[in-house]
Amino acid sequence: MPQMNMIEAIRDAMDVKMAEDDNVVVFGEDVGYFGGVFRCTHGLQEKYGANRVFDSPINESGIVGTAIGMAAYGLRPCVEIQFADYIYPAYDQIVSEAARMRYRSSAEFTSPLVVRTPCGGGIFGGQTHSQSPEALFTHISGVKTVIVSNPYDAKGMLISAIEDDDPVIFFEPKRLYNGPFDGHHDRPAKNWSAHPRGDVPEGHYTVPIGKADVVSEGSDVTILTYGTMVYVAETVKEETGIDAEIIDLRSLLPLDIDTIVASVKKTGRCMVLHEATLTSGFGAELAAQVQERCFYNLEVPVERVTGWDTPYPHAQEWDYFPGPARVGAALKEMMEAV
Amino acid sequence: MPQMNMIEAIRDAMDVKMAEDDNVVVFGEDVGYFGGVFRCTHGLQEKYGANRVFDSPINESGIVGTAIGMAAYGLRPCVEIQFADYIYPAYDQIVSEAARMRYRSSAEFTSPLVVRTPCGGGIFGGQTHSQSPEALFTHISGVKTVIVSNPYDAKGMLISAIEDDDPVIFFEPKRLYNGPFDGHHDRPAKNWSAHPRGDVPEGHYTVPIGKADVVSEGSDVTILTYGTMVYVAETVKEETGIDAEIIDLRSLLPLDIDTIVASVKKTGRCMVLHEATLTSGFGAELAAQVQERCFYNLEVPVERVTGWDTPYPHAQEWDYFPGPARVGAALKEMMEAV
Amino acid sequence: MADYKPLQFHVPEPTGRPGDEPDFTDVDIPSAGSAPRPDIDVDPNDIKDLARTMIRVMDKEGNAVGPWAEDIPEDVLMHGLKSMVRTRAFDERMMTLQRQGKTSFYMKCTGEEAIAIAFQQALSKGDMHFPTYRQQGILLAQDYPVVDMINQILSNAKDPLKGRQLPILYSVRDYGFFTVSGNLGTQFVQAVGWAMASAIKGDTKIAAAWIGDGSTAESDFHAALVNASVYKPPVVLNVVNNQWAISSFQGIAGGNSATFAERAHGYGIPSLRVDGNDYLAVYAVSRWAIERARRGHGPTLIEWVTYRVAPHSTSDDPSKYRPKEESSAWPLGDPILRLKNHMIKHGLWSEERHAQAETEFDEEVRAATKEAESHGTMGSGASPKEMFECVFKEMPPHLREQRQKMGV
Amino acid sequence: MADYKPLQFHVPEPTGRPGDEPDFTDVDIPSAGSAPRPDIDVDPNDIKDLARTMIRVMDKEGNAVGPWAEDIPEDVLMHGLKSMVRTRAFDERMMTLQRQGKTSFYMKCTGEEAIAIAFQQALSKGDMHFPTYRQQGILLAQDYPVVDMINQILSNAKDPLKGRQLPILYSVRDYGFFTVSGNLGTQFVQAVGWAMASAIKGDTKIAAAWIGDGSTAESDFHAALVNASVYKPPVVLNVVNNQWAISSFQGIAGGNSATFAERAHGYGIPSLRVDGNDYLAVYAVSRWAIERARRGHGPTLIEWVTYRVAPHSTSDDPSKYRPKEESSAWPLGDPILRLKNHMIKHGLWSEERHAQAETEFDEEVRAATKEAESHGTMGSGASPKEMFECVFKEMPPHLREQRQKMGV
Ligand SMILES: Cc1ncc(C[n+]2csc(CCOP(=O)(O)OP(=O)(O)O)c2C)c(N)n1
Ligand SMILES: Cc1ncc(C[n+]2csc(CCOP(=O)(O)OP(=O)(O)O)c2C)c(N)n1
Ligand SMILES: [Mg+2]
Ligand SMILES: [Mg+2]
C-alpha cells in the first residue's frame, strides 16, 4: 500500500473525486497553479485544468459565497481557506447561507460543499496561524464538522465530505501534515512513513462522517480527543502507564455519542482534550453530554485539558499548547482522586 | 423612581453616558434620524447632533471596523447591530480585531467599544430575526459577553459596558423590550410597569459586569439562565411549586462562578436553561463547569433545556422555544430522579 | 499645524424630512431616447457615460423613442402590463392580510413592478434569479400559482416551505427563483458563483443577481464584483435603487458621491443606469445585458432607478423619516400608469380593459387568499415534525433524539 | 437557444510562468512629467484619468520634470535615500537571522522602499498609519530604534510586544504605527474609522491606510471605501500594487479588468496612480493627498505601482510560480538606484557616499542584531506569565485561575 503523508492523502482524495466526478471543483487562495501554500492541491490544476482547479481572489466570503452558488448549480466545490484563522470573513456565508440553505428552501436548494482548512498551532505561527475554531461550527445547525488526525482518515473522510450532500467544514491540523506530532517539540520530528495510518489505499474508499475511532483501548480512563491531541494522548498513556482508552472523535458533528458513552461507562473516568481555548470549546459540549449520560458511572468529574483562554501566543506557544506534561499531570490527578 | 421599559432604559443609559462623556458616539443602521428600528436611540441624534449619533451604511463589518478605529483614536463607540442574526458579517472584526487588539499590541491599542444587538425569538421573526449567538462570543478570548433581562440591569450594565475598557457584546432579548415575557405566548402580554425591575433610577448608576443575580432563592434545584428564560423559569417555579433557585447570569463572560457554585452546592441539582440551540451552546460550558466544581454535590446530572438543534423556525416558533411546559416537565423529572 | 482648521464630520442628509416639501431637484432626468445603445460586445471603458445618465425609452407622450426603443411583441407588453397590475393587486391584498393578523409580515414592491417583471420576461427557462424580498414580480410574471405564494406567507399546512421560513422569502427552483435570504447581500456573490458554474460546465444559462441600493454597502457586493471581474461569468448584476433602505436614504450607501452604476467601473464591468419605471427601457436593457452574458461577453451591472412607494415593510412607517408627499412627487412616475398610457396610445389597451383587469386580479387574489386561508393562517397547520427535517439530508442521531424528546 | 455557444470559464493568467521570459509589455509607462497636477480641492470626477495613467516625476536621466516635480528640501531627500538603504540593509540582515533559525518568520519590502518612506516623510506627528506587514519603512524612516524592531522579531525578553505577536507585526503607537494585523484587509476600514474620529473631534489628524493589491479583494476594502465615500473623513487610502499576492498575480484580484486606482471611482473618491519606485513622485503625491485630507477635502485613494522583488515571506519560493528574471526585468527599476542617480546628478550624493552608507547601515543593523540576540532568540526569554496578561485590562477570575493552574 502506498505511504502518504497527510498532504498527499488529502490531495489524493481530491484527485480521486475529481477523476470520478466532473462536478467536483477545487479553488481557493493560491491553490491553482502553485498548488496551495501547504501544497495540498499541487498538480491538480495541471491534471484537471484551470476550469476545475483555480486561484481565487483573497476574499474568504467570496470563496464560500461563490461555492454556495456553484453547489446550488449542481457542482461539488471543495474549497480551501488558507488558515482556519481566516475563516471568520466567511462565517456569515457559512452560518447564514450554506448551513441554512436546505432548511429555508425545504431542500429545493442545498449546499454540498466542503471547506478545507488547516488548523491548530505548534508551528510558531502566532495568533493568526494557530487557531482551532471548531466549536464555532458545532454550534451551527446545518453544517458538519470534521477534524482528521492521520493520512488514512484524511483521505477517506475527505472523500466522504465531498460526497456528502450537506456542507462540511473539514479541519486539517497543520502540525500533523508531515507526521504524528505528540507535543514533544524538543524531540526529533516523526513522519508518517513509520505509522500504520500512513498506509493509504489507492483509489476510492471512505471513512464515514459520524463515527469515532477508538485508537487505543484501555480501562482506567477515557480520553476524548481529536486532531493533534490524539498523539499527545497516546504519548502520555505510554509515558504514565495509565491505561487510557483514547478516542479520536474525528467527526464532532454528528458526534458518535454511543462510542463515547460505552467507553466512559467502562472506564468511569473521562478526560476531554483539545487545543482550542477552554471556555465554550467543544470540550464543554463533550463534558456536558458525558456527565448527563454517564453520571452514575463517573468516579471523578469530567476533566478538560485545553489551550488557555488567551489568544494563541507566539513565543509562549509551548506554554499554551496542552502538551504531554500538562496532560500527564492532569491524568495522574484524575486517577489519584477518589 | 421613573418607570421604564427596556428600550427606554437602554436609551437612557446612552443618554447618560453621552451627556457625561463627549467621546461616546452612537451609530448603526437606522439609529440616527429615525432612532433605530426598535427605537433604542430615538431622540439621541436630536439631542447630541449627527456628529455623535448617526446612520451607518448597511455593512456590519464596517460598523464594527470603523468603531475599532474610533476606539483606537480615543472615542467610546456604542454601536448597534440591528439584529443579532446580522452580526456574522462583523464576526471577523470582532474576533480577529476588537478582541485581540489589546493582546497583540500589548495594550498600546485597545478597543473600548460596545456592540448592542437585539437577540432571541418569540416575535415570529423566523430564522433571521430570532437567533441567540452568545456562545459564539464566549469562546473568544478578549471580548466580554453580556445579556440583560430587565430595564434596571439594562441601563446599569450598558453604562458599565460603555465605561469598560474592553469590547463588550451586549445582547438585548427583544422579546423583553416591552415586558417580562414568560413564554406563555397565548396569554396577555405583561409590561414593565408592573415589575420592580421596571423602576429605573435617573442619572448614572452601574450594574457590574461579572456578577450574577439570584433572582429567586430556593433549595430544591438551581436554574442557571439569562435573558428571556429568566421569566420562563420564574413562571415554572410558580406553576410547579418546585423551590428553584433562579440565577440570572447577566454576564456570561466573565462568569460569576462563585455564585453558581454556592447555589448548586446548596441545592444539589442544576438546570441550565437557554433559548439558543443545544449543541455547543453556552449551557454546555455551564454544565461542564458545574459538574467539575460541584461533582460531589450533584444528585442528578446537570440538565440542559434549550432551543433545539435546528434553525429557528417560523411557524413552529413555540415548539422550538423552551417554554414553560418543557421546562416544567424537565424540572419535575429532575426532582423525581434519585 | 496652527493654520489648519478643525476638521468637520460629514453625515449626508436627504433633501427632505417629515414636514418638508419633497425635493427631487437633484435627480437629473435626461430626455427619453438620448442615451446611445452600444453593441453587446462593447468595451466597458467605452460606455462609462451610460452609468451616469439614465436610459429612458418612453417620452412624456407615451412614445417609444431612441436607440433603445425596440419592437416589443404585443403579447409581451400585454403580459407585462397585466403582471404589474396583478402584482399590485397581490401586494394590496397581502397588506390587508397582515393588518388582519393573518400573517406576521409583508413587503410590497409598489412603484417598482416594472423592473422584476420586464427583466423576467427577457430571461429564459433554466436561468436563475438570486432575488431579494422585493422581486415577487418574477414569480407573478411567470404565473406561479398565487395560492402557493399565499400559503408560504401564511406558513400554513400547504406552505411549500413547511413553515420554516419567514413570509415572502420564497424558494421556487422550477421558476428560476433562488431561495431568498433574510441576510442582505449574501445572494449577490452566490449568483456570481452560480454563473461561474454555468461557464465551467459549458452551459448557456445565466444568473440574475438582485440587490437594493442600501445593501450595495454590504461586503458581499464587493465579493461579487471582484469575482465577476476576474472570471467574467454570465451574470447580470441588478441594483434596484429605490432611494431608501429602511429609514436611511441612498446617500448613506454612498449614492451622493457616485451613482451605484459607477461602482462597476472600478472592476472593469460595464454598467448601465436605467429609468426603472419605464417598462420599455427595462425590457430593452435587460435583453441587452442578458444577451451579452449569454454570448460570453461576461457580466453587466444595471442600476434601476426607481422609488419605494410603500413602507419598507409592514413593520415600517415612512412618515417618520421622509416627507409625506415624497412618493407622489417622484419624477419618474408610476410604471403601471406609464405603460398603460403607452399601450392605450398605441391602440393596445383601454381604460375599460385596465379597470377590468384590476377587478379581475383583485378577485383572483381574493379567491386565492380564501383558498389559502382554508389551510391555516399565521403558522397554524405547520407541523412541529417539520421543524427537525431538512436540517441535514439525513437526520443525525442527536436530532432524532431531540425530536423524540419533543414527542413528535 | 440552440445557436448559443457553450459558455467558457475565464481564469486570468500572468504573462509568464517559470521557464518563460518575463513579459511586461502590458505595463504602460507614460513619460515622466506627463500627468497633470490638480488642485487639492478638485472634483473627483475631473481627475478620473489620473487613475489610469501613472504619475511619474523622475525621467530616465534622473531629472525631476513636470507639474508634480517639487522643490524637495535636501535634507528630506537625504533622509529618504538613507532610510531606503537602511531598510534594505535591515531586511537583508533579518533574512539571514531567519535562515539561521533565530526567528521563525520574516517579510522583506525590497523594491518597495520608496513608498512607505516617502509617504511617512510627508506625514506629521500625531497622524496614524494603519500598515500591513510590508511598511517597515515607516518605522525606519522615523529612526525608531532598530534594536526594538529586532527584539520584536526575536520574541525575546525585551520584545515590546512580550512575545505575544508574530514577528514583524509591530505596534508602535508613539510613531503613529498601528498594530499590524495578521488578517488581511481589516485595518483598511479601521483607518477610516480613526479618521472619522479625528473629524468628529474637530482635530486635524489624518489616517493613512495601507493594503496590498491582492488584499483589495477582501471585503473590508469595500467597507472602507463605502464609509470613506459617505463620511468623507481625512484618510489616505494606499494600495501597494506590487503585482503579486503570494503566488497569485494582480489579475486574480481583478487588476486585468481595471486599475486598482479606478476602484475609487465608484465611490466618488479621487484616485491617483503613481510610479511607486519614483521617490520624487511618491513624496509629491503623498503631500498632495495628505494636504487634501487635512484641509477637509476628504479621502484620496492612491495606487502605488511597484514590484515585489523579494519572496512573499521566508516561507515562500517565487521561482515556483513566476519567471526567474521577472524582478530584474521590472520596467520601473529600483527605487534606491533611481533616487541615488537623481541625487548624484544634482550633486547631493556620490557613489562613494552611497557605498559608505551601505556599509554603515549594515554595521548598525549587525550591532543591533547582536544586542537584540543577547536578550534571546526565537521566543526564548519571553515569559509565560505574559501569556495571560493583556487579554483584558483586568484579569478576570477564570484567567487568574488558569494562570495559577499553570503555576506562573
Ligand atoms: C445583514 C443584514 N443587515 C441588516 C438587515 C436589516 N434590513 C432588512 S432590509 C434593510 C434595508 C435594505 O435596503 P435596500 O437594500 O435599499 O432594499 P429595499 O428594502 O429598499 O428594497 C435592512 C437594513 C438585514 N436583513 N440583513
Ligand atoms: C484574511 C486573510 N486571508 C489570507 C491570508 C494569507 N495571506 C497572507 S499575505 C497574503 C497575500 C497578500 O497579498 P497582497 O495584498 O498583494 O500583499 P503583498 O504581500 O504583496 O504585500 C495572503 C493570501 C491572511 N493573512 N489573511
Ligand atoms: Mg432601497
Ligand atoms: Mg501584492
Side-chain angles (χ1 to χ4, degrees), chain A residues 25 27-39 42 45 49-63 65 82-83 85-86 88-90 92 123-130 277-279 305-320 326 329-330, chain D residues 8-9 11-14 17 104-105 154-156 159 161-167 169 181-186 212 214-221 245-249 252-254 315-316 320-321 376 378-384 386-391 396 398-399 402-403 405-406 408:
Chain A
V25 292
F27 58 101
E29 295 159 19
D30 300 294
V31 313
Y33 183 87
F34 182 60
V37 296
F38 289 104
R39 323 300 294 130
H42 181 60
Q45 184 180 75
N51 245 26
R52 293 181 60 201
V53 182
F54 51 90
D55 285 340
S56 63
I58 305 176
N59 182 312
E60 290 76 14
S61 181
I63 291 172
Q82 201 161 82
F83 284 86
D85 317 64
Y86 306 142
Y88 307 123
D92 187 46
I123 61 152
F124 228 49
Q127 55 174 292
T128 55
H129 302 87
S130 306
T277 51
L278 177 73
T279 300
V305 181
T306 70
W308 305 114
D309 279 345
T310 71
Y312 214 113
H314 179 249
Q316 299 88 347
E317 171 153 83
W318 300 117
D319 300 307
Y320 177 92
R326 244 166 82 203
Chain D
Q8 289 192 348
F9 189 53
V11 179
E13 265 294 306
R17 287 294 192 186
S104 52
F105 186 74
L154 297 177
S155 270
N156 66 16
D159 171 8
L161 304 185
K162 318 275 187 201
R164 296 190 187 108
Q165 181 61 308
L166 207 63
L169 302 186
S181 179
N183 301 68
L184 296 171
T186 47
S215 307
T216 60
E218 285 288 7
S219 287
D220 279 342
F221 178 78
I246 300 179
S247 73
S248 70
F249 82 119
I252 294 293
S315 318
D316 180 45
K320 291 262 165 55
Y321 51 78
M378 268 295 261
S380 73
S383 153
E386 294 293 353
M387 179 169 61
F388 294 97
E389 299 286 341
C390 282
V391 182
H398 69 285
L399 275 174
Q402 291 178 27
R403 193 182 55 178
K405 232 182 198 165
M406 212 190 109
V408 292

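In what follows, every chain begins at residue 1, and chains take the letters A, B, ... in the order their sequences are listed. Since the structure is predicted, the reported quantities are computational estimates derived from the model, not experimental observations.
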Take atom NE2 in D/His398; do more than 12 heavy atoms of anything else shown fall under 6.0 Å from it? yes
Please evaluate residues D/Phe105 and A/Phe124 with respect to the criterion ring-ring contact (aromatic ring centres under 6.0 Å, His included), reporting the C-alpha separation (whole Å), side-chain torsions for both, the decisive distance (0.1 Å), and the verdict. CA-CA 9 Å; D/Phe105 186 74; A/Phe124 228 49; over 10 Å; no
Option that, when pairs with chain A are counted at under 4.5 Å, heavy atom only, ranks first among D/Asp220, D/Val408, D/Val391: D/Val391
Under 4.5 Å from a heavy atom of chain A, the part of D/Ile252 involved: both
Residues in salt bridge (Lys or Arg N to Asp or Glu O under 4.0 Å) contact with A/Arg39, at least two apart in sequence or another chain: none
Relative to chain D, which segment of A/Ile123 carries a heavy atom at a distance below 4.5 Å: side chain, backbone, both, or neither? neither
Okay, A/Glu317 and chain D: the region with an atom under 4.5 Å from a heavy atom over there is neither
How long is the straight-line distance from OG of D/Ser248 back to CD1 of A/Ile58, given to the nearest 0.5 Å? 5.0 Å
So which residue, D/Gly379, D/Gly185, D/Ala217, ends up with the most heavy-atom pairs under 4.5 Å with chain A? D/Ala217
Find the distance between CE (D/Met406) and OH (A/Tyr320) and round it off to the nearest 0.5 Å. 12.5 Å
Any donor-acceptor N or O pair under 3.5 Å, side chains D/Ser219, A/Asn59: yes
Could you check whether any side-chain heavy atom of D/Lys320 comes within less than 4.5 Å of a side-chain heavy atom of A/Tyr33, counting everything from C-beta outward? no
For the atom pair OH (A/Tyr86) and CG (D/Asn183), what is the distance rounded to the nearest 0.5 Å? 6.0 Å
From A/Thr279 atom OG1 to D/Leu399 atom CG, the distance as rounded to the nearest 0.5 Å: 8.0 Å
Using heavy-atom distances under 4.5 Å, tell me whether D/Ser181 contacts chain A through its side chain, its backbone, both, or neither. neither
Any side-chain heavy-atom pair from A/Gln127 and D/Arg164 closer than 4.5 angstrom? no
Checking side chain to side chain contact (heavy atoms under 4.5 Å, CB included) for the pair A/Val37/D/Ile246: CA distance, chi angles, key distance, verdict? CA-CA 9 Å; A/Val37 296; D/Ile246 300 179; 4.1 Å; yes
Do D/Lys405 and A/Arg326 have side-chain heavy atoms sitting under 4.5 Å apart? no
Taking every non-hydrogen pair under 4.5 Å, which of D/Ser247, D/Ser155, D/Ala382 racks up the most with chain A? D/Ser247
Could you tell me whether D/Tyr321 and A/Phe34 have their ring centroids closer than 6.0 angstrom? yes
Top contributor to chain D contacts, counting heavy-atom pairs under 4.5 Å, from A/Asp55, A/Asp309, A/Thr310: A/Asp309
Which atoms form the tightest heavy-atom contact between A/Ala50 and D/Val11, and what is the distance? O-CG2, 3.5 Å
Nearest atoms (heavy-atom pairs only) where A/Gln316 meets D/Pro384: CG-CA, 3.8 Å
Which one, D/Gly254, D/Pro167, D/Ser315, leads in non-hydrogen pairs under 4.5 Å with chain A? D/Pro167
